[in-house]
Amino acid sequence: MSTSPAATNVSRRPLVSAIVVALVALISDQVTKFWALSSLSEGQRRPLIGDFLSLQLVRNSGAAFSMGAGSTWIFTIISVVVLGVIIWVLPKITSTSVAAVVGLLAGGAAGNLVDRLVQPPSFGRGHVVDFINYNDYFVGNVADIWIVVAAVSMVIIFLRTEHSHSGARTDE
């Protein structure tokens, strides 16, 4: 039994969407980090919106909020595993919107993984380049934004799916 070219294109749409979104997320993250490294002085703060949002170059050896700063190699392994799972699951996703969100997550994870692989001090132990200071609460980067947007989007998709499967109308 063969499938028509139109059916093949429809079945590939989620995968293609995920790849495009992942590449855009990864490239935007790496371009902004390159800009931060070439334009900002380490530790110096440049206000954007008062104290609420500023630019401040920081090299983060840990995860969110600099947790686990002495365990950079563990975050490298976790990132590789997460990306491996995404690559394994992605071809099975039939929803273009879900695939795009997973692509956003993959692009964000890959952006920070690139830093861990190529930034000083060494391969696999590199410090992530952070430069967006949120009112001194934490300093992050564009990859972090993509990861958070992907997580929130997944929750919304899940809640909408659960809502529609519970017999309730989804157009309310």
Side-chain angles (χ1 to χ4, degrees), residues 14-69 71-87 89-90 93 95-120 124-161:
L15 182 60
V16 170
S17 296
I19 292 168
V20 169
V21 170
L23 287 173
V24 168
L26 174 61
I27 291 167
S28 65
D29 174 65
Q30 290 299 301
V31 166
T32 56
K33 288 174 179 173
F34 177 80
W35 171 84
L37 288 168
S38 62
S39 301
L40 301 173
S41 299
E42 191 127 5
Q44 183 180 3
R45 192 169 171 178
R46 283 193 201 169
L48 290 176
I49 303 173
D51 287 335
F52 179 72
L53 189 66
S54 59
L55 299 175
Q56 180 179 13
L57 181 62
V58 175
R59 294 178 182 270
N60 184 356
S61 62
F65 308 103
S66 295
M67 293 184 335
S71 305
T72 303
W73 63 274
I74 292 173
F75 299 116
T76 302
I77 292 169
I78 290 169
S79 295
V80 168
V81 169
V82 165
L83 286 168
V85 168
I86 288 172
I87 290 167
V89 168
L90 204 51
I93 296 174
S95 165
T96 302
S97 60
V98 170
V101 170
V102 171
L104 194 59
L105 176 63
N112 285 337
L113 176 61
V114 167
D115 287 8
R116 295 191 189 285
L117 295 177
V118 303
Q119 290 294 327
R125 294 178 181 260
H127 296 179
V128 173
V129 175
D130 289 334
F131 61 93
I132 306 169
N133 184 323
Y134 298 90
N135 199 30
D136 286 333
Y137 184 58
F138 69 94
V139 182
N141 57 48
V142 172
D144 300 334
I145 293 170
W146 297 146
I147 292 167
V148 169
V149 168
V152 169
S153 298
M154 277 301 208
V155 168
I156 291 168
I157 290 169
F158 174 76
L159 291 174
R160 289 188 72 180
T161 303

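Model, not experiment: these values are computed from the prediction.
Scanning both residues, Ser95 and Pro14, for their nearest heavy atoms gives O-CB, 3.9 Å. Scanning all heavy atoms of the two residues, the minimum distance from Ile93 to Ala99 falls at CG2-N, 3.8 Å. What you find for Gly108 and Ala25 is that their closest heavy atoms are N-CB, 4.3 Å.
Atom CD1 of Ile74 and atom CD1 of Ile78 lie 7.0 Å apart (nearest 0.5 Å). Distance check: Ser41 OG to Arg46 CZ gives 7.0 Å after rounding to the nearest 0.5 Å. Taking OG from Ser28 and CG from Leu26, the interatomic distance works out to 8.0 Å, rounded to the nearest 0.5 Å. The distance from atom CG of Leu37 to atom CD of Glu42, rounded to the nearest 0.5 Å, is 8.5 Å. In this structure, the separation between CG on Asn112 and CG on Asp144 is 5.0 Å, given to the nearest 0.5 Å. Atom CG in Leu90 sits 11.0 Å away from atom CG in Leu83 (nearest 0.5 Å).
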Quiz prompt | Stepwise side-chain hydrogen bond (donor to acceptor under 3.5 Å, both in side chains) check, Asp51 with Asn135 | solution = CA-CA 5 Å; Asp51 287 335; Asn135 199 30; over 6 Å; no
Practice problem: Evaluate the side-chain contact (heavy atoms from CB on, under 4.5 Å) criterion for residues Asn133 and Leu53: first the C-alpha distance (whole Å), next the side-chain angles of each, then the deciding distance (0.1 Å), finally the verdict. | Solution: CA-CA 6 Å; Asn133 184 323; Leu53 189 66; over 6 Å; no
Quiz item: Yes or no on side-chain contact (heavy atoms from CB on, under 4.5 Å) for Val89 and Val102, after CA distance, side-chain angles and deciding distance?
Solution: CA-CA 9 Å; Val89 168; Val102 171; over 6 Å; no
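By the 4.5 Å heavy-atom criterion applied to side chains, Met154 and Val101 are counted as neighbours. At least one side-chain heavy atom of Leu55 sits less than 4.5 Å from a side-chain heavy atom of Trp35. You'll find the side chain of Val118 stays beyond 4.5 Å of the side chain of Gln30, heavy atoms only. Looking at heavy atoms from C-beta onward, Leu57 lies out of side-chain contact with Asp130 at the 4.5 angstrom threshold. The side-chain heavy atoms of Arg59 and Pro120, taken from C-beta on, include a pair separated by under 4.5 Å. Taking 4.5 Å as the limit, every side-chain heavy atom of Gln44 sits out of range of all side-chain heavy atoms of Gln56.
Between the side chain of Asn141 and the backbone N or O of Val129, at least one donor-acceptor pair lies under 3.5 Å. The main-chain N or O of Asp29 is found under 3.5 Å from a side-chain atom of Thr32 such that the two form a donor-acceptor pair.
Enclosure of atom OH in Tyr134 by more than 12 non-hydrogen atoms of other residues, nucleotides or ligands within 6.0 angstrom is indicated.
Salt bridge status for Lys33 with Asp115: present, with a side-chain N to carboxylate O gap under 4.0 Å.
Side-chain contact check for Ser54 and Arg45: at least one donor-acceptor pair (N or O, by modelled atom type) lies under 3.5 Å.
Val58 pairs in a side-chain contact (heavy atoms from CB on, under 4.5 Å) with only one of the listed residues (Val128, Leu40, Val139, Ile132), which is Val139.
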